[in-house]
Amino acid sequence: MAYQDRYEAYLGQIPEDIAYCKSTGRSHVFGYTSNYDVVLKWDIDGYNRILQEFLKEEPRAQAGDTIDTMEDFARISSYCLMKGIGANFDITSLEVCNYLQEHFRSEPALGGTCAQGVAALAAMGFPMAAQLTDKCREVCEMMDAPGVQVVKGGRLVPIMEGASQEAPVYHMILQFSKDDRIRIHGKEYAVPLSNRLILFYDRIHKTVPIDADFFDYWDAHAEDISSYLVSGFDAVIDTAVMENRLDQLSRHFENMRRKNPDFIAYLEGAYYMNPQVKEMLFKRMAPYVNIVGTNEEELVAQNEGYGLETDITDIESVIRGIEALMSRCGIRGVVLHTKDYSLYYGEKLQGIDMEKGLTMGNLMSGTRARIGKYGTVEECRETLNLGLSPVGLAFHERLESLETSGQAVLVPSRYLEHPKYTIGLGDTFVAGVHTCFR
């Protein structure tokens, strides 16, 4: 069957969903990280001057690389731009941070999947509960909206009551644009895809401290949870640290599941600095979560480590790649988000309209890409004027002809060739998916 566009119908249900959350007191609970982003304004000429001065060898990068010098920045970033790859890397040198801020204009923004997801749903009007790692006033002010709460002193309070006087935790974001031309050793290369690099000068997210108050509160109030987002461990490198966090999370989810076995738990992946940490997280949390979220770059990278090639231009290969990940880690369901479509594949979730979640994820992330901020309901409605991705439509048609062992739901995106903003699109998408969970 040809794809039936239900974007407008699902958007029309959002006011009723908000009213339900407010009347029942049930919460979307998001964890675990937040930070203060420094968004570097993209300047292709300035970037090419950096490459001319500092690129001494061929572009290359791999997981675990650190940026200790401007030469490292030039080598790693040029490789990512050549491939159109979005990735995360540690900066170990304050001098590199200072140099980048001196040579690019910048603006502040909100960072962390938890924090951005909360802000995205709050902009739509949903009440939200969050666990924050960076509680500085600047971060809390960017998240401050009616109904946004944190746990403090054993109770839920408005977010500004939980603000601290500590300095922000800084992440530097470098967005780059499709079709810009970078110069490498006398040759020009076109950037194949708009994307972003996240550069961490940050130690707190090497351990991801989670407040005991937060765990205790939701252990005691599990019946008030409609959905729960687990995210934010992508900067953890030490497997012993991750093992400790997983012990805490396992106990926490066992406690909550005893009181409320039906809430939806959603684990969002990311580009992990230590791929072993990511695999540990997926395997240990698989018994407790209903859905694992990933993008196509992350899916390809995880399967490559096991000798499995995933062709993202072929939906059959994508499904096989998802099945391999699910089998290896014991995952029950996967949400895949891409610029052209989103897909749920796995066990059927009773009473959950995954098409609605994927549609709203696409619409909310597309709105952020279009206007450069978290969109309201009306701003999302304006995004309906964008056409559907031809690639997404073709994938939907091909998927209809495949026989799959799991439930497969695919929604083409509202397509934007040159987004105004590329930061937090995946985080905003994840927030949108949660609109289908009650």
*Shortest non-hydrogen contact from Asn303 to Ala324?*
OD1-CB, 4.1 Å
*Report yes or no: does Arg245 contribute a side-chain atom to a donor-acceptor pair with the main-chain N or O of Val208 at less than 3.5 Å?*
yes
*Does Lys56 NZ have over 12 foreign heavy atoms under 6.0 Å away?*
yes
*Look at the aromatic rings of Trp218 and Phe214 and report parallel, tilted or perpendicular, splitting at 30° and 60°.*
perpendicular
*Got a sec: does the CD of Glu355 have more than 12 other heavy atoms crowding it under 6.0 Å?*
yes
*Which atom pair, heavy atoms only, marks the closest approach of Ser342 to Asn362?*
OG-OD1, 3.0 Å
*asked:* Quick check against the 3.5 Å criterion: does Thr404 have a side-chain atom that pairs as donor or acceptor with the backbone of Gly406?
replied: yes
*May I ask you to decide whether Asp311 forms a salt bridge with Arg320, counting only side-chain N to carboxylate O separations under 4.0 Å?*
no
*Test Thr310 against Ser317 for side chain to side chain donor-acceptor pair (under 3.5 Å), laying out the working first.*
CA-CA 6 Å; Thr310 304; Ser317 177; 5.1 Å; no
*Sub-4.5 Å side-chain heavy-atom contact between Tyr170 and Phe200*: no
*Indicate yes or no for a side-chain donor-acceptor contact from Asp90 to the backbone of Thr92 under 3.5 Å, with no hydrogens or angles considered.*
no
*Would you check if Val277 and Val241 make a side-chain contact, meaning some heavy-atom pair closer than 4.5 Å?*
no
